[in-house]
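Scroll down for the structure; my scribbles are underneath it.
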There are 2 protein chains.
Amino acid sequence: MRADAQRNRDRLIEVAHEVFRERGLDAPLDEVARRAGVGPGTLYRHFPTREALHEAIMATWIEEVAGQVEKAMATEGGCREKLLAWFEEYVALLTRHQGAAAKITASLGCQDSPLRTKCQTYADANESVLAEMADNGVLREGVDNLDVCRLLGGVATMADQSSLAPEDVRPMLDVIANGVLKA
Amino acid sequence: MRADAQRNRDRLIEVAHEVFRERGLDAPLDEVARRAGVGPGTLYRHFPTREALHEAIMATWIEEVAGQVEKAMATEGGCREKLLAWFEEYVALLTRHQGAAAKITASLGCQDSPLRTKCQTYADANESVLAEMADNGVLREGVDNLDVCRLLGGVATMADQSSLAPEDVRPMLDVIANGVLKA
DNA sequence: CAGTGAAACGGAGTAAGTCTCCGCTTGATG
DNA sequence: CATCAAGCGGAGACTTACTCCGTTTCACTG
């Protein structure tokens with residue numbers, strides 16, 4: 001790639017990050033172009049669809065996921081506390097941008113979505129946490145990772161759309177934890 | 001209201017029902033007007049916002065809710081089976097139109113949404129089912145109706161956006177049921 | 001059963017956003 | 001420094017949301 005193209009691409013991602021945080025993932029793309037000081041044509045050449053731009057944005061979060069798993073697993077207390085700490089991180093990551101939770105989770109089951117690889121990282125992280133629970137013998141039989149990811153995605157989507165505070169999210173995560181762990 | 005106005009209003013609701021079922025709740029409103037054989041001005045006079053039209057559409061479902069509660073409570077088996085039957089109905093009702101689940105559930109906590117009265121009907125119905133569970137002594141302590149509604153709304157939203165089949169939704173409802181009922 | 005005023009209509013028009021096309025510019029290369 | 005493909009930008013075509021106002025229609029009254 002030519003140096004100027006690379007520069008524009010980087011700048012677009014940076015600006016998009018900013019615009020999406022301010023106005024949600026549905027913000028006008030021409031605004032991103034304008035603020036980045038490029039024409040719309042340039043934006044669309046680099047990112048043919050809105051989703052492609054979302055994907056580029058989210059690449060930066062992905063790197064944090066592994067760290068968040070570790071952090072959650074280091075929580076004081078038993079398995080339940082660790083699991084809930086992870087659930088809270090999961091929801092916090094998904095709700096970082098307005099509108100992101102629904103889109104990421106929707107692409108979980110969809111093979112051909114460009115977001116697929118990103119949400120796979122979340123799913124893998126959750127799987128590792130569930131595996132830890134299973135190793136400790138506290139996981140119910142028949143609990144499927146994909147289902148838990150979807151449940152958490154649903155909670156994150158609700159939290160996103162209703163602008164719920166963490167203390168309003170917590171009781172929902174409690175119910176899911178109860179449903180996932182042995183009594 | 002003048003007779004011609006009433007006629008147009010009825011026709012708009014009827015056509016909107018059709019258009020929204022075909023193309024989702026985000027379908028172009030001008031298309032609704034065109035198919036109904038009225039100008040856009042007429043549509044916007046009767047329904048100033050998209051949400052107002054949604055509300056009118058959903059009024060017809062609301063009447064079914066009470067019946068669905070009864071049907072679910074008549075399910076063969078124990079409390080768990082009844083609860084799951086109701087959960088399945090709840091999700092089915094919310095996913096009847098593409099995009100409806102997220103919007104209805106989002107307006108649950110929001111006092112000033114025009115959808116509020118509609119979703120209150122769902123919340124009340126769910127409350128009555130939870131009360132039945134409590135009466136039978138199978139409900140966990142501290143389970144809140146609003147949280148369960150949001151969880152179900154989240155599941156419905158995921159089902160909607162990923163076009164999940166009932167058999168893919170069921171395991172999520174199982175987890176919620178586990179989380180809501182005593183072990 | 002006209003006449004009349006208010007209610008309601010319709011559609012042209014404005015605005016906002018998406019996305020493409022193509023003539024011009026610029027960076028890399030020999 | 002000449003060349004030319006890669007890349008740029010922005011005008012403009014298209015789509016959808018929503019408004020404004022001249023015209024039509026209904027309901028009521030004498």
Side-chain angles (χ1 to χ4, degrees), chain A residues 1-57 97-100 102-103 106-107 112-115 161, chain B residues 1-58 97-100 102-103 106-107 112-115:
Chain A
M1 188 183 299
R2 245 166 62 171
D4 55 343
Q6 184 66 56
R7 224 179 309 128
N8 278 329
R9 192 173 195 283
D10 292 348
R11 174 129 186 77
L12 279 167
I13 293 180
E14 191 186 318
V15 169
H17 226 294
E18 202 177 292
V19 172
F20 287 156
R21 181 151 42 223
E22 279 173 31
R23 318 206 2 196
L25 287 185
D26 292 323
L29 294 186
D30 282 16
E31 158 108 13
V32 175
R34 190 157 20 81
R35 273 212 230 174
V38 305
T42 300
L43 188 156
Y44 283 98
R45 192 167 338 93
H46 285 294
F47 307 101
T49 66
R50 183 181 287 275
E51 241 187 359
L53 189 51
H54 291 165
E55 192 192 7
I57 293 293
H97 278 150
Q98 210 188 344
K103 292 189 187 187
S107 58
D112 53 341
S113 165
L115 288 179
Q161 294 195 337
Chain B
M1 188 182 300
R2 248 167 60 172
D4 55 343
Q6 185 66 57
R7 225 178 308 127
N8 277 330
R9 193 172 193 285
D10 293 348
R11 173 128 187 79
L12 278 167
I13 293 179
E14 191 187 317
V15 169
H17 226 295
E18 203 177 292
V19 172
F20 287 156
R21 181 150 42 225
E22 280 174 28
R23 318 210 357 198
L25 286 187
D26 292 322
L29 294 185
D30 283 16
E31 157 107 13
V32 174
R34 190 157 18 85
R35 273 210 231 177
V38 305
T42 300
L43 187 155
Y44 283 98
R45 193 168 335 95
H46 285 293
F47 307 101
T49 64
R50 182 181 289 275
E51 241 187 0
L53 190 51
H54 291 165
E55 192 191 8
I57 293 295
M58 290 168 194
H97 277 151
Q98 211 190 340
K103 292 187 189 190
S107 58
D112 54 340
S113 165
L115 287 178

Protein-nucleotide distance ([X], atom [atom1]; [N], atom [atom2]), rounded to Å:
| X | N | atom1 | atom2 | value |
| --- | --- | --- | --- | --- |
| His46(A) | dA6(D) | NE2 | P | 14 Å |
| Phe47(A) | dC8(D) | CZ | P | 11 Å |
| Glu51(A) | dT18(C) | CD | P | 15 Å |
| Leu43(B) | dG10(C) | CG | P | 11 Å |
| Leu29(A) | dC14(D) | CG | C1' | 16 Å |
| Arg9(A) | dC8(D) | CZ | P | 11 Å |
| Gln6(A) | dG7(D) | CD | P | 10 Å |
| Arg45(A) | dT26(C) | CZ | C1' | 13 Å |

N/O (side chain, [X]) to phosphate O (OP1/OP2, [N]) under 4.0 Å:
| X | N | value |
| --- | --- | --- |
| Asn8(A) | dC8(D) | yes |
| Thr42(B) | dA8(C) | no |
| Arg2(A) | dT26(C) | no |

If I compare all heavy atoms of [X] with all of [Y], which pair ends up nearest, and what's the gap?
| X | Y | result |
| --- | --- | --- |
| Ala102(B) | Gln161(A) | O-OE1, 3.2 Å |
| His54(A) | Leu25(A) | NE2-O, 3.2 Å |
| Leu29(B) | Leu53(B) | CD2-CD2, 4.0 Å |

For Ala5(B) and Asp30(B), take the nucleotide of DNA chain C holding the closest heavy atom to each; which residue's nucleotide lies nearer the 5' end? Ala5(B)

Taking for each residue the nucleotide of DNA chain C bearing the nearest heavy atom, is the 5' side occupied by Gly37(B) or by Pro40(A)?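 Looking at the nearest nucleotide for each, Gly37(B) comes out on the 5' side.
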
Starting at the 5' end of DNA chain D and moving along, which residue's nearest nucleotide shows up first, Glu31(B) or Arg7(B)? Glu31(B)

Between Pro28(B) and Ala3(B), whichever has its closest DNA chain D nucleotide further toward 5' is Pro28(B)

Tell whether Arg50(A) reaches the base of dT18(C) with its side chain through a donor-acceptor pair below 3.5 angstrom.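 Under the 3.5 Å cut-off, the side chain and the base do not form any donor-acceptor pair.
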
Any ion pair linking Glu18(B) and Arg21(B) (charged N to carboxylate O, less than 4.0 Å)? no

What nucleotide among dC9(C), dA8(C), dT20(C) has an atom nearest to a side-chain atom of Tyr44(A)?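 For Tyr44(A), the side-chain atoms sit closest to dT20(C).
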
Any donor-acceptor N/O pair, Arg9(B) side chain to Phe47(B) backbone, under 3.5 Å: no

